[in-house]
Structures are given as structure tokens and as C-alpha cells.
Amino acid sequence: MEQPSHQGASEVWICFPLRRDNFNEAEYKPKSGKDLKMAQQAQEKYQDSYLYKIRHSAAHVMAQAVLEIFPDGKPTIGPPVENGFYYDFDLPRNLTTEDLQAIEKRMRQIVQGKHDFKKTVISAEEAKKIFADQPYKLELIEGLEQGGFDEYGNPLDEKPEISIYQQDTFTDLCRGPHVENTKEIKPDAFKLMSVAGAYWRGDEKNKQLQRLYGTAWENKKQLEEYLHQLEEAKKRDHRKLGKDLEIFIFDEEVGPGLPLWLPNGGILIEELEKLAKEMEEKAGYDRVRTPNVTKEDLFIRSGHLPYYAESMYPPMELEGVKYYIKPMNCPMHHKIFGSKGRSYRDLPVRLAEYGTCYRYEKSGELFGLMRVRSMQMNDAHIYCSEEQFEQEFMGVVELYKKYFELFGIEKYVMRLSLHSKAGLGKKYVNNPELWIKTEDMVRRAMDNGGVPYVEADDEAAFYGPKIDVQIWSAIGREFSLATNQVDFAVPERFDLKFTNSEGHDEVPLCIHRAPLSTHERMVGFLLEHYAGNFPVWLSPEQVRVISITDEQNDYAESIAKELRENGIRASADLSSQRMNAKIRNAQMMKVPYMIVVGKNEMEAGQISLRVRDGSQQNGFALSEFIVRAKDRISRRSADL
RNA sequence: GCCGACGUAGCUCAAUCGGCAGAGCACCCGCCUUGUAAGCGGGCGGUUACGAGUUCGAUUCUCGUCGUCGGCUCCA
């Protein structure tokens, strides 16, 4: 599988939800125009809102404050985004957090000056005069004049009018809308959040600007709620939960992006693999295994080296031959497919492997378990004929849906990633006809299957279009969890073929798929999704037996032993702590079941059950509990 | 990789202006024998990420390296 495409451009979506349970499809909208087909109506809704005007206006006030400090600074763009706004400047020096405080203070003074926002529609010539010493604004005006590019450099449908907005001493090229007067921006309802570098027009080759982020709300209470929400989100961040629940660690000496799985994490992985193997066996997959190191030749043939050498660990050379650590499994699977003659009767061939791959992600791109340098993919490649394509492709989509139902994942968006004409021959295999054909095939398959999706231009894999499943981390970052990709290019490079019913050679299509993502990203996601409260089947420790006094230690241990003999992960807490402390510890480790045994239970040969949700039930037979637990585990139930 | 911030015990954090590095939890030992989210006492634990520099003296100031975090970029 090429990749469970990594952390999606948080740049692309501006209106993602902070928390998935707050997800509001109506607010899901594209920022850059890359994804224009995505919920355009929703964008209009946000743009029409009062909050949008407040944030947009706050950005102008911030620009005024910044330019007072740096009269030679060059303003660029400053739009509202989810929860706030930013403004990018080209300044004589880099900003620090101290500057932030000074700017914020000055902003408070400005808004209390009660200045009106005045709009004036002007011609391109007038605009060029007004912004004569502002190169970025001039570039924007050019774009507007040429009938239109928006501030991100994306084409507009119709030629826009050019307007300026003025408040107090500040004038900006702007289409609005704004609030009437700065007094509508409450001095206690906004806050500057951070300073960051950002490239002009989002292009690394351009100059890096200074970006200031702020958040703004209608009133103080809303701001406080938002800040509180941010704190709450941190609590379910997988990096915190992973540490608290002893799932994984990173060690400086091992290296960035290279997680060490602790025993509890090992259990999660085992359970996920068990699940995948069961499902894939039912769906007709064959399991294969391939090496982690491969000769350079293989990646030259696959086309990965010319396109992606930058993301691969550099080669090691032995006896004059270069070897690479594999960044993906597909070339090896292609080799396995090609290892013998195939008949159309053999198709589809489905080769699965939880392969370990390594990718050299740039240091600044790493993000807990979600973006790592070593990963194990729920990988498989399906080789099929064109006629089989739709059924196979939808079979994978059905598999996703089964998994998502099992995990109770409801907030996600399926995204069809397409090529761009401009990228042909560079990012994408240069075969425009095949691109259009396969994109149509995917679209038709999704439409026929009644699966909703959005389209994204210029996001495809180099060898074909793909469907990614987009989800959000606790702190609101978007990334692709699962992926389902069409490959119309690589089978040919590998000379893959099968004999069709006419007796002629035909090149198969290949579907790369990773419905369970990578172990790293999946566990990271599930930690946040469940806030650490895993269903019983996934819980590293399913039952903790708690003795009230040491009189019951043997009884407690015998219960734990019996549970383990029944395939239930159980331990007994025989420490000298009081029962209350033992319960607290088990609760904090989010153990789903606590069995409490004291004098009464021991005498009656029974147990008391405390469930993670706080409910309890006394005078229970152990056998009865075992039936309940085994039922939850075998059905992978969400119930406790 | 780029911009900004941060790095003190296993964890969460403190240490005034540059003046003997501290607390809670965890861990170990003991006491208590306990009824549904922390019983009590004692002990162990540190080259303040690493390396230079300034200084009589550096956790504190400066520089470099490594790592983490918030963004940008990237993302097979």
C-alpha cells in the first residue's frame, strides 16, 4: 500500500471541528480552493455569519497594530479561519511572543476607539495607486484584474469587483464583509494565540512570512468556553493518553518518529491484527510476507525513486549494490503476483501483509503516533481485471464501513483525490486518458454504491486516483486514516499480466488499500476516539481483581487465574493499599471491569463487579461474569 | 526543512535579581486490615537534555547541538 495518506493539509480545511462530537457537516469547508466541490454551501454559511465578520475585522485591527510597530512591514492576506483569524506579514524582523502581547494590547485600544469600517469599490488602477508600495497587494490586484484569482492563487468563477476597507488609520484591499464598527469586537473576546512562519501563497519556494494567529468570539463567555474546550481536547490527545495508559513511548536515543510499543500497546496491535486477519480471510485475501530491505532496482522499476526518493531513508551500499529500506510494500507484492503465470480464472488475486515500512518524514512533520517514520500498514494489493474493478473497489469500501461501524466511527469524510493537469509528468504519471478513465470508474463505483464522498483536485497518488477517509485528531488536525487507491500505471511497469478468456495477455488493474491504516495512526486515532476507554476486546487489561484485605488475596488471585484460563486479560491487585486506592488506580488506567472481593464474597464464593462507568453489582457468580465478558469480547461489542 | 516557544526526579510541577535544586504522585520499607476514585510514617531518587562560553559563582545569561510543542511546507 502506498500510504494511508498522511496528515492532511490542515491548511486545506479551515472549518474542521475541534472535537469530532462537535462535527458539523455544514461547517466543513475548503479553504484553498483545492477542494472546491466540498460543501461550498457550508462555506457561504460561515462567510455570512456575524462571527466571520468579527474575525475578519479583528484581523484588520491586528494588521493596523502590527503596521504601527513596523511601518515598513508589508501586509499580505488575513482571512478568518475556524475559531479565529490570522494575518500574514512580511516584516523587517521575525516576531516573538513578546511582540504578540504588545500587539494584543494595542488592538484593545484600537477597538475601543469605535472606528467605522468603510467600504469603497474602486478600479484596478486606483487600487494600484493606493497600494503602490505594497508588492503583495499589487500581486493580488493583478490576480483580481486578470479576472480572477483569489488570495490563494486559485481561479475564481467570475471576475470580482475590487474594494477596499478602511478603519482608523488602516486601509486594506478586501472584499469584506466586516462589522460596522470596531466596537463590535469586544476587547475581552479575542486573544492572540501564536506566531508562526508561513509561506506566501503556501509555496515553500516563496518567501516565508510572519503569521499571527488569533481567536475571536462574540463575547467573553464564548472565548472562555473555547479556551476551555482547547484544554479539554488536550486531555484526549493520544500523546498524553499514550503516556498515561502506558501504550507507547518515544526515546531520544532511538530517534524521532520511531515509537516503542509498551506491552499495553502490543496488546492493542495484536487485537487489531487479529481483527484484520479474520476479516481479510473472509474476504478472500492471501497473506504474504516480504523483506524490509530491497535493491535499488526495484524502486527504480516501480517509479518510486524518481518521484519519492526524498521521503526514503538513504540507501546503504554493499558490494557495490544499493539497498533501500522499503517505504511501501507494493513493489514486492507486484513481484509476487508476477512470479507465475496468471489466468483470468485466478483473478482477483488479493495479497495482504501487515508490512513494516519506513519513511523519512521531515522533522517538523512528525506528530505523535499519527505521523511517524516507522509504520506497520494494514496493507493489501488486489489485482483484477477491468470488469472486476467496481466490485473489488466497492468490496474494499464495504470493508471500511464494517470497521467504522465496529469502532463506532461516525465523523469522517470520504474524499476522492484526483490528478491535476499541471502535475502530469511531474507528480503524476503522464497518461491523461487513463487518469480520466480511472477517475470516472471510481466515481461511478462510489455513485452506484450510494457512498457519499467529496472530490479533491491535485491530491491523487502518482499512479492513480484514490479514496481517502479523512478524520480529525483531538486537537483538530485532519488526516487520512484509511485509503483505497487505484493503480493503472505500475502493473505495466512490472510487466504484470494475465491471460484473458480469449487467450491474450492483459494488464491487470491494481487496488492498493489500507482500511485499518497503519498500526501507529490507528492506535493514535482510537486512543482519541475512545478517550482511552477502549471496548473490552481492545482493553489491554480487561479485568482487575481487587482484594479488600489481604485475607482475600488468595481468593482474588484464584479468580484472576480462572479469568486468564478463559482467555480474559486479568490481573489481581494484592498490594497493601486500601480498596479505595486500588479502585482509583484501576479507574485511572481505564480498566473496564473491576472485581472486588472481600470477606462476604469469599464466604459466599461470589464476586462484586464494578464497571468502568461507575456502576456496580454485588453478589455475582464468577461464572456468570465470565459468560458476560466472553460475550463482549467475542462479539467485539462496545457494551461493557 | 522553515518560523516561534519549551526542555528541572519515572510522572505533574516549584525554585525572588545569577547565590547550597524542592514538593506531590509513582517506586522501596514499615504500620494499618480496610466495602466502591487517594489511610499513615519513613526511605530511595538529579552532571537541571547535551556541549561550549561569560562569571568568584549558571537551572537562571550567551552560543551551538539534540528533542518536544504550536504553526508553515510536505505527505508514496
Side-chain angles (χ1 to χ4, degrees), chain A residues 1-11 86 88 94-100 193-200 202-213 234 237 239-240 243-244 246 249-253 255-257 299 302-305 307-312 326-331 357 359-368 371 377 427 459-463 466 475 477 479-480 483 485 487 490 512 546-553 576-588 594-601 608-612 614-618:
Chain A
M1 181 77 278
E2 291 306 306
Q3 67 141 170
S5 112
H6 271 125
Q7 173 183 326
S10 34
E11 174 65 21
Y86 69 80
D88 288 348
N94 292 338
L95 294 171
T96 67
T97 29
E98 277 104 68
D99 295 318
L100 219 60
M193 304 297 280
S194 62
V195 50
Y199 303 102
W200 168 237
D203 189 338
E204 197 170 21
K205 292 184 202 82
N206 291 340
K207 180 156 194 188
Q208 190 167 52
L209 308 167
Q210 297 290 306
R211 175 172 295 181
L212 291 173
Y213 277 99
K234 277 188 202 161
D237 189 311
R239 291 167 296 186
K240 175 171 169 49
K243 190 184 277 181
D244 292 348
E246 297 180 10
I249 54 165
F250 287 98
D251 185 280
E252 283 196 24
E253 237 170 327
F299 294 113
S302 70
H304 284 103
L305 265 182
Y307 285 97
Y308 301 111
E310 239 179 58
S311 310
M312 292 167 67
K326 68 175 172 185
M328 74 288 297
N329 306 299
C330 19
C357 297
R359 295 175 185 177
Y360 196 83
E361 308 285 359
K362 288 191 224 162
S363 56
E365 296 164 349
L366 301 172
F367 177 64
R371 187 84 181 264
M377 279 189 271
K427 279 171 80 173
E459 295 279 327
F462 80 85
Y463 45 65
K466 57 180 181 173
I475 59 166
R477 286 208 202 175
F479 53 92
S480 298
T483 188
Q485 312 179 344
D487 184 343
V490 180
H512 307 234
I546 291 168
S547 56
I548 292 180
T549 75
D550 52 16
E551 298 281 306
Q552 293 91 43
N553 280 359
S576 65
Q577 295 174 100
R578 296 172 85 182
M579 176 204 66
N580 282 337
K582 293 184 186 181
I583 287 175
R584 181 165 187 272
N585 290 339
Q587 284 285 159
M588 288 201 304
M594 284 150 268
I595 285 179
V596 179
V597 289
K599 197 174 166 209
N600 301 339
E601 285 78 8
S608 286
L609 177 67
R610 179 188 164 101
V611 183
R612 185 173 59 201
S615 66
Q616 68 179 87
Q617 211 170 334
N618 298 340

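The figures here come from the full heavy-atom set of this structure, side chains too, leaving out hydrogens, waters and symmetry mates. Letters go in sequence order (proteins before strands), and every chain restarts at 1.
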Under 4.0 Å between a side-chain N/O of [X] and OP1 or OP2 of [N], yes or no?
{"X": "A/Arg371", "N": "B/C69", "result": "no"}
{"X": "A/Lys243", "N": "B/U12", "result": "yes"}
{"X": "A/Arg578", "N": "B/C32", "result": "no"}
{"X": "A/Arg477", "N": "B/G70", "result": "yes"}
{"X": "A/Tyr213", "N": "B/C72", "result": "yes"}
{"X": "A/Asn94", "N": "B/C3", "result": "no"}

Nearest non-hydrogen partners of [X] and [Y], listed with the distance:
{"X": "A/Gln616", "Y": "A/Asn618", "value": "NE2-OD1, 3.5 Å"}
{"X": "A/Gly598", "Y": "A/Ile548", "value": "CA-CD1, 3.7 Å"}
{"X": "A/Val611", "Y": "A/Gln587", "value": "O-OE1, 4.0 Å"}
{"X": "A/Ser302", "Y": "A/His304", "value": "OG-ND1, 2.7 Å"}
{"X": "A/Glu459", "Y": "A/Lys466", "value": "O-CE, 3.1 Å"}
{"X": "A/Leu366", "Y": "A/Gly257", "value": "CD1-N, 3.9 Å"}

By nearest atom, which of the nucleotides [options] is closest to the [X] side chain?
{"X": "A/Ala581", "options": "B/U36, B/U34, B/A38", "answer": "B/A38"}
{"X": "A/Pro256", "options": "B/G35, B/U68, B/G4", "answer": "B/U68"}
{"X": "A/Val195", "options": "B/G4, B/U73, B/C69", "answer": "B/G4"}

Rounded to the nearest 0.5 Å, how far does NE2 of A/His512 lie from CG of A/Asp487?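 Reported to 0.5 Å precision, the distance equals 3.5 Å.
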What's the separation between atom CE in A/Met328 and atom NZ in A/Lys326, rounded to the nearest 0.5 Å?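 It is 10.5 Å, given to the nearest 0.5 Å.
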Separation between the [atom1] atoms of [N] and [M], rounded to whole Å:
{"N": "B/G46", "M": "B/G22", "atom1": "P", "answer": "13 Å"}
{"N": "B/G57", "M": "B/G42", "atom1": "P", "answer": "39 Å"}
{"N": "B/G41", "M": "B/C32", "atom1": "C1'", "answer": "11 Å"}
{"N": "B/U62", "M": "B/G70", "atom1": "C1'", "answer": "25 Å"}
{"N": "B/G35", "M": "B/G71", "atom1": "P", "answer": "48 Å"}
{"N": "B/G10", "M": "B/C27", "atom1": "C1'", "answer": "9 Å"}
{"N": "B/C28", "M": "B/C44", "atom1": "P", "answer": "16 Å"}
{"N": "B/C50", "M": "B/A21", "atom1": "P", "answer": "15 Å"}

Have a look at [X] and say if it touches a base, only the backbone sugar-phosphate, or nothing, with a 4.0 Å heavy-atom cut-off.
{"X": "A/Asn585", "answer": "nothing"}
{"X": "A/Ala198", "answer": "sugar-phosphate"}
{"X": "A/Gln210", "answer": "sugar-phosphate"}
{"X": "A/Asn600", "answer": "base"}
{"X": "A/Met312", "answer": "base"}
{"X": "A/Ser576", "answer": "base"}
{"X": "A/Glu601", "answer": "base"}

Given atom [atom1] of [X] and atom [atom2] of [N], what is their separation to the nearest angstrom?
{"X": "A/Met588", "N": "B/C25", "atom1": "CE", "atom2": "P", "value": "12 Å"}
{"X": "A/Glu204", "N": "B/U73", "atom1": "CD", "atom2": "P", "value": "9 Å"}
{"X": "A/Asn580", "N": "B/C40", "atom1": "CG", "atom2": "C1'", "value": "15 Å"}
{"X": "A/Glu361", "N": "B/G1", "atom1": "CD", "atom2": "C1'", "value": "13 Å"}
{"X": "A/Glu98", "N": "B/C6", "atom1": "CD", "atom2": "C1'", "value": "13 Å"}
{"X": "A/Leu95", "N": "B/C72", "atom1": "CG", "atom2": "C1'", "value": "15 Å"}
{"X": "A/Phe367", "N": "B/G71", "atom1": "CZ", "atom2": "P", "value": "8 Å"}
{"X": "A/Tyr86", "N": "B/U73", "atom1": "OH", "atom2": "C1'", "value": "13 Å"}

Report the glycosidic orientation of B/C17: syn if within 90° of 0, anti in every other case. syn
For the pair A/Tyr308 and A/Phe462, name the ring-plane relationship: parallel under 30°, tilted 30 to 60°, perpendicular over 60°. tilted
Tell me if the side-chain of [X] makes a donor-acceptor pair with the base of [N], cut-off 3.5 Å, by modelled atom types.
{"X": "A/Tyr199", "N": "B/G1", "value": "yes"}
{"X": "A/Asp550", "N": "B/U33", "value": "yes"}
{"X": "A/Arg610", "N": "B/A37", "value": "yes"}

Dot-bracket summary - RNA chain B, pairs being Watson-Crick or G-U whose distances fall under 3.5 Å, with | when paired to another strand: (((((((..((((.....[..)))).(((((.......))))).....(((((..]....))))))))))))....
Within 45° of the six-membered ring axis of A/Phe367 and under 6.0 Å from that ring's centre, is NZ or CZ of A/Arg477 located there? yes
Earlier contact from the 5' end, RNA chain B, for A/Gly255 and A/Thr97: A/Thr97
Report the residue (A/Ser363 or A/Met579) whose heavy-atom-nearest nucleotide on RNA chain B is the more 5′ of the two. A/Ser363
Would you say the side-chain atoms of A/Glu551 and A/Thr549 include a donor-acceptor pair closer than 3.5 Å?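 No.
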